[in-house]
Protein chains: 4
Amino acid sequence: MKKPLRIGLIGYGFMGRTHSNAFRKVSNFFDLDYEPVLQAICARDEAKAKAFADKWGWQSVESDWRKLVDRDDIDLIDIGSPNNTHAEIALAAAKAGKMILCEKPLSMDAAEGLKMAKAVEKAGVPNMVWYNYRRVPAVTLAKQLIDEGRLGKIFHYRAKFLQDWTISKDLPQGGTALWRLDVKVAGSGVTGDLLAHCIDTAIWLNGGFADVTAVTETFIKERKHTLTGKVEKVGIDDACSFLSHFKNGSLGNFESTRYARGHKALYTFEINGENGSLFWDLHDLHRLQVFDYKDDKLIRGWKSVHVTDSEHPYMKNWWVPGLQIGYEHTFVHQVADFIQGLQDGKPVAPTFRDALETQYVCDAVLKSGRSGKWEKVGGRKG
Amino acid sequence: MKKPLRIGLIGYGFMGRTHSNAFRKVSNFFDLDYEPVLQAICARDEAKAKAFADKWGWQSVESDWRKLVDRDDIDLIDIGSPNNTHAEIALAAAKAGKMILCEKPLSMDAAEGLKMAKAVEKAGVPNMVWYNYRRVPAVTLAKQLIDEGRLGKIFHYRAKFLQDWTISKDLPQGGTALWRLDVKVAGSGVTGDLLAHCIDTAIWLNGGFADVTAVTETFIKERKHTLTGKVEKVGIDDACSFLSHFKNGSLGNFESTRYARGHKALYTFEINGENGSLFWDLHDLHRLQVFDYKDDKLIRGWKSVHVTDSEHPYMKNWWVPGLQIGYEHTFVHQVADFIQGLQDGKPVAPTFRDALETQYVCDAVLKSGRSGKWEKVGGRKG
Amino acid sequence: MKKPLRIGLIGYGFMGRTHSNAFRKVSNFFDLDYEPVLQAICARDEAKAKAFADKWGWQSVESDWRKLVDRDDIDLIDIGSPNNTHAEIALAAAKAGKMILCEKPLSMDAAEGLKMAKAVEKAGVPNMVWYNYRRVPAVTLAKQLIDEGRLGKIFHYRAKFLQDWTISKDLPQGGTALWRLDVKVAGSGVTGDLLAHCIDTAIWLNGGFADVTAVTETFIKERKHTLTGKVEKVGIDDACSFLSHFKNGSLGNFESTRYARGHKALYTFEINGENGSLFWDLHDLHRLQVFDYKDDKLIRGWKSVHVTDSEHPYMKNWWVPGLQIGYEHTFVHQVADFIQGLQDGKPVAPTFRDALETQYVCDAVLKSGRSGKWEKVGGRKG
Amino acid sequence: MKKPLRIGLIGYGFMGRTHSNAFRKVSNFFDLDYEPVLQAICARDEAKAKAFADKWGWQSVESDWRKLVDRDDIDLIDIGSPNNTHAEIALAAAKAGKMILCEKPLSMDAAEGLKMAKAVEKAGVPNMVWYNYRRVPAVTLAKQLIDEGRLGKIFHYRAKFLQDWTISKDLPQGGTALWRLDVKVAGSGVTGDLLAHCIDTAIWLNGGFADVTAVTETFIKERKHTLTGKVEKVGIDDACSFLSHFKNGSLGNFESTRYARGHKALYTFEINGENGSLFWDLHDLHRLQVFDYKDDKLIRGWKSVHVTDSEHPYMKNWWVPGLQIGYEHTFVHQVADFIQGLQDGKPVAPTFRDALETQYVCDAVLKSGRSGKWEKVGGRKG
């Protein structure tokens, strides 16, 4: 008999859907001791929350997150609301002794994130941040190959996350749909939204950052604000590129923008080591490109690995070789791993503390964007 | 308030899982009047059926499909058991007035399939066959583009379905896991298993077949049988290629094998018309390759369309542009369409009658493989 | 000091250019004992031949090929004129004791080709047919890998050659530019023009054909003839597909057409063996796709080998790794190998006798296209 | 009757071969009034120069470039020797009134390059630098599309040039073969060798640079010197990345390295504009990837344009659609254009003055690599 893991989810947007789906599906595909129970959904707009609950099977609805946090029949608070709400909710939930899952980025900045990390650690509650791309099977495979030492000494890491959905100057900022364009709610633009993903993966695969130099740009300076109805200054970064030194001596090159016509969500990374290289692309997320220098020279080339075999991470739980899974499955994997962590009594990465590292890099990137100088990256030593 | 659609599923194998998942997910992503209820799962091995029921939320278990068919609290029988069981179950379910979903191929041959089609038509029950690849968004988009007349007169259709999982001569035949290698259970080898998919899509996109000439091959002549423990003759076709004339005057070229090293489930098709061409590949199922002759000649080329936008078939129900869905979603789409058909009082393709057409082609292909001659294809006129 | 190899070329069309270029370039890139001398160009239109000679450095001009064949200062006759002229010229040249290079296909049919092969063998003159694609470095590499036994037992060979340049019904047939559409001059359509390439490569890589079954089609039945000015019946095959058994027990699937919208010259082949597979594509001719089953399963995948390293066939004679060569270089390689053969006193494949094998397959294919039956392939035994 | 253009080439290395080939081939493929005559090859090692002359048809040999420059029977001096020799030779050749072609990069730095530009302008002699990648047909097509305004306002330009040939620490520096690793001869590492190409193309396609911030790295600090036999400090940059503002307000991101395992000569660029984007890759140089936002949304995607049609730049001079040319042809095109410029009395880009702009960017990049600050780029205004 499975133990219930009673979830209270805050937010019914895009991430509310991906999380709900993950909670509902995980037990069909993974053998675990805990069964997620969709206990309560919380959102300010009660009617919309109710409709969402009906669609996804949430058993109750709250319109005030404080009430949700106070409920005794909730084991875990899942924060799926905009960035500027993460800290307050997390601090309260930690105080209430709840386990916490938090959408990325962890916080508006590292200072806020540090408080959150300390709070969950003080409370001793399991916690995790939804940097879901770590659990694309091809990305997890990349981690495995690197950990096995197959690449040797690393020279280069490069990543980009290119989109094109904000090119029109007629697009407003703010409100429920477009809070990612409102700096007060989002904290930053592509840096916190997109580069945060790139940075999280990079730290996981290649270790910490030493320093960065960045350029940020806001191509469209003013947009109408959905809530005020007025044309207001745009405070976010539309595009951001940065160079870096990693602590292991390798060089980093990162770029993100919402003005790269033709790219919807082109998150790619490549890592070059002495003995091999890896490349991955979110637009074909089920493939990992692998170059293995130890291959016979005559037929050495980039291998397109279709990551759907039972030997590949997570894949024995799905279908048969050749049949690909997609984006939503990364969230299922993350829930499965989190529950496994509960069973094993071990924290599951990325914890708040892990995700805080990304905040330090984002802070340094944004600071460099303003200063025009190389900036040191704070956070963990070594 | 949604109306329940009470399902009785027969079979807990690979297809049992894909169907269960589809029934469980459809309401989270599609707004429909009916809600599938996982009423009963049926399989001969009751313990395994029970474990499957626990995992997927089936509310009861049967070990005799006749009892399932007789139950009053079941609206729909879903046949997910091996090919040689389809007809008997379908005939009984039709007689019992149940709606019927049936895994592909419809039947062991066209004669059997014809009885099944007549039975459901006589009973007047909604019926459908799980040729799921029609509902890959990229494939549905292909259908839409062809129906809009964008390709003009068609000259060529080619498809192949290449696998490599039976190359080892140590692989046995028969039994639960390997019934696809046992001709008595499967009816044929790659023709009914793989080419049936290619043929179904081809008929849908390009209309009926006039005649075919085929070659079949069994590379490994004898394999140990799992059930008897003895080395027995292999009766299935390991590989099959055929040429065809379509009724619209275009030429077809089809190939399938389980001996194409390096291909897991490489189902591809291409259609060439006067004004354009389309290409699709199951290994990257979220893309459609489109050549549009009307494009500016200077920059004419094959377009790689990442079929993840809200304008694309089914995709507004999922995530955001650039984020791909996978294999399992095709079954969700099929359930959604089937329910929509119930609401509209319209049959949803492919019905048993539609799927029967594929059986006629398979019969002609296998016959030609034996005769070495061009064989006419039976079935619908015109 | 290099020895002169005095060439007399017949034909100044497309192939006249590729051959001239090869003769001019070979000594710049290969160290050989013979230096081709562009002694004479021959064509019926003397003015055009003169212009061609000026452009390419041919030292003299003839308008009657018989005079060319009779000249004492010519060592080698290179036949670059249309198919229906090959035999007569070759027989005369052999009689005159000239070395002979002949454009593909060797002849109008196997009977004619057999006479040619016998003639050169009787005369004892070095001879070769311009099946240039054997000498694309990636294709030569494929041959090398197969000869090393890397693929193991072969199960499948498939090839296609797709073009789209004759779709318009307004295109005339015949004359200098469009003789390939005139069956009296070309002998056949895509079979002799395109499939002949596919067949030659297949025989080279996978051995001889046992039998074939084919379909041929002429989509546009009548076209204006350039020479007569009248609308005449089209005698060539616009499209041809065939299935085959190879003598080694593997299955073949071949297709060619000039009605595949979007493809300019898409010659592709793939060979599947027990231990690996190879794929090549003329549109990216500098790459060979290799699947090696012996690779570590975790990172097994198709390798895209960029065939530009000094270890790769012919490539040490060109530039540096990563810098690709193109179509014309295949002819240079063929001249280099032919000259090497002269130095070594060995025939260089494909000789007339080798190319005759392709004629037997073409004959069987065209015969099957008419008979609708499987047809045995003549030629060499074993 | 064609006019002779008598060439004196200095250097018989890699670039000596590409230039020789271009001079020899250009008249076979382009109709021009001038015919290059391979008058003299000059190199210090007379025996090697003689062998080179024999192989390529150079009519005489010089071992002192000053003598070559003084010869009356030379119209054009082509400088193909290492970077540190360019300036002295060019200044002398200009003084002698010779036309001058110079290998890239123009000079060791902008100061030197400025003198060279002034010298050729003062002398009034036609001059050009061999930034050959401008004349890859796909790259020239990109220029054409941009000039037609198809991309609209530009937001981003990114380029990289990745190689992997210097990863081994056992590779020495200096000498004839490895002068590119010797800072005294090369001036810099990847910046002058590889980024110079990226920068030249970028300026051509996207206009001038405003400022840059860079990181440079020398992964292997010491290497044995071929000439001295001693282990010496490595003075070149093994890797260099930089960010930039273009004068048109777009952002640039550039990276180059010789430590990207798996890449031989992966020069790629991408440009993103309001209405479209373009991508090109040297490893498949015959293709241009085009995204056209004005395409029908349903089938919008990146088009893979196989740049081999007669409508495409330079391609009507070569073969037929679908048959690709390669690396060496870029040099042929450059000679053809240079001669056309002579006929038209117009300078042909990139002139020394044009190439000087790249030197200013390289200087700023290297300076920023040392200073850690954003550095303004000198050169032309506006």
Side-chain angles (χ1 to χ4, degrees), chain A residues 151-156 158 160 162 164 167-169 211-217 219 238-245 249-255 257-264 270-279 283 289-293 295 300-303 368 371-374, chain D residues 151-156 158 160 162 164 167-169 211-217 219 238-245 249-255 257-264 270-279 283 289-293 295 300-303 368 371-374:
Chain A
L151 303 194
K153 179 177 167 52
I154 304 301
F155 297 117
H156 292 284
R158 64 187 69 84
K160 55 190 180 199
L162 307 183
D164 68 357
I167 292 180
S168 168
K169 66 181 181 349
D211 57 11
V212 299
T213 188
V215 61
T216 58
E217 184 62 79
F219 288 114
D238 285 341
C240 176
S241 273
F242 71 92
L243 309 176
S244 68
H245 294 96
S250 62
L251 297 182
N253 184 319
F254 292 78
E255 182 181 3
T257 180
R258 292 174 182 147
Y259 286 73
R261 185 59 85 193
H263 300 303
K264 300 171 184 176
E270 178 171 332
I271 181 167
N272 303 130
E274 195 172 0
N275 300 323
S277 292
L278 305 172
F279 174 84
H283 276 199
Q289 308 291 332
V290 178
F291 185 88
D292 186 350
Y293 185 59
D295 273 354
R300 210 185 268 154
W302 284 82
K303 301 181 209 191
S368 173
S371 72
K373 296 179 187 164
W374 282 84
Chain D
L151 303 195
K153 178 177 166 53
I154 304 300
F155 297 117
H156 293 284
R158 65 188 68 84
K160 57 190 181 204
L162 307 183
D164 68 357
I167 292 180
S168 168
K169 66 183 181 347
D211 56 11
V212 298
T213 188
V215 61
T216 57
E217 183 63 77
F219 288 113
D238 284 341
C240 176
S241 272
F242 71 92
L243 309 176
S244 69
H245 293 96
S250 61
L251 296 182
N253 183 319
F254 293 77
E255 181 182 2
T257 181
R258 291 174 182 149
Y259 286 72
R261 185 59 83 193
H263 299 303
K264 299 171 185 176
E270 179 171 334
I271 181 166
N272 303 130
E274 195 172 1
N275 299 324
S277 292
L278 304 174
F279 174 84
H283 277 199
Q289 308 291 331
V290 179
F291 185 89
D292 186 351
Y293 185 61
D295 272 354
R300 209 185 269 155
W302 284 82
K303 301 181 209 192
S368 174
S371 73
K373 296 180 187 165
W374 282 85

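Throughout, a chain's letter reflects where its sequence line sits, starting with A, and its residues are numbered from 1.
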**Request:** Could you tell me whether the side chain of S241(A) and the main chain of N253(D) form a donor-acceptor pair under 3.5 Å?
**Result:** no
**Request:** To the nearest 0.5 Å, tell me how far R261(A) CZ sits from L278(D) CG.
**Result:** 13.5 Å
**Request:** Counting only heavy atoms closer than 4.5 Å, note whether I167(A) contacts chain D via side chain, backbone, both or neither.
**Result:** side chain
**Prompt:** Does any heavy atom of chain A fall under 4.5 Å from the side chain of L151(D), the backbone, both, or neither of them?
**Reply:** neither
**Message:** Less than 4.5 Å to any heavy atom of chain D: does that hold for the side chain of K264(A), its backbone, both, or neither?
**Reply:** neither
**Message:** Is W374(D) in contact with chain A via its backbone, its side chain, both, or neither, using a 4.5 Å heavy-atom distance?
**Reply:** both
**When E270(D), K373(D), R158(D) are compared by non-hydrogen pairs under 4.5 Å with chain A, the top option** = R158(D)
**Message:** If you count heavy-atom pairs within less than 4.5 Å of chain D, which of A239(A), G262(A), G372(A) leads?
**Reply:** G262(A)
**Prompt:** Checking F242(A) against chain D: side chain, backbone, both or neither under 4.5 Å from a heavy atom?
**Reply:** backbone
**Complete:** Applying a strict 4.5 Å limit to non-hydrogen atoms, the region of D238(D) in contact with chain A is neither
**Request:** Walk me through it: do V215(D) and T213(A) pass the test side-chain contact (heavy atoms from CB on, under 4.5 Å)?
**Result:** CA-CA 9 Å; V215(D) 61; T213(A) 188; over 6 Å; no
**Asked** Can you name the closest pair of heavy atoms from N272(D) and Y259(A) and give their distance?
**Response** CB-O, 3.8 Å
**Item:** Interchain contact, I271(A) with chain D, by part (heavy-atom threshold 4.5 Å)
**Value:** neither
**Item:** Donor-acceptor pair between E217(D) and H156(A) side chains, under 3.5 angstrom
**Value:** no
**Message:** Could you check whether W302(D) and H263(A) have their ring centres less than 6.0 Å apart?
**Reply:** yes
**Message:** With a 4.5 angstrom heavy-atom cut-off, is it the side chain or the backbone of R300(D) that approaches chain A, or both, or neither?
**Reply:** neither
**Request:** Mind checking side chain to side chain contact (heavy atoms under 4.5 Å, CB included) for K153(D) and listing every partner two or more places apart, or none if nothing turns up?
**Result:** F155(D), E274(D)
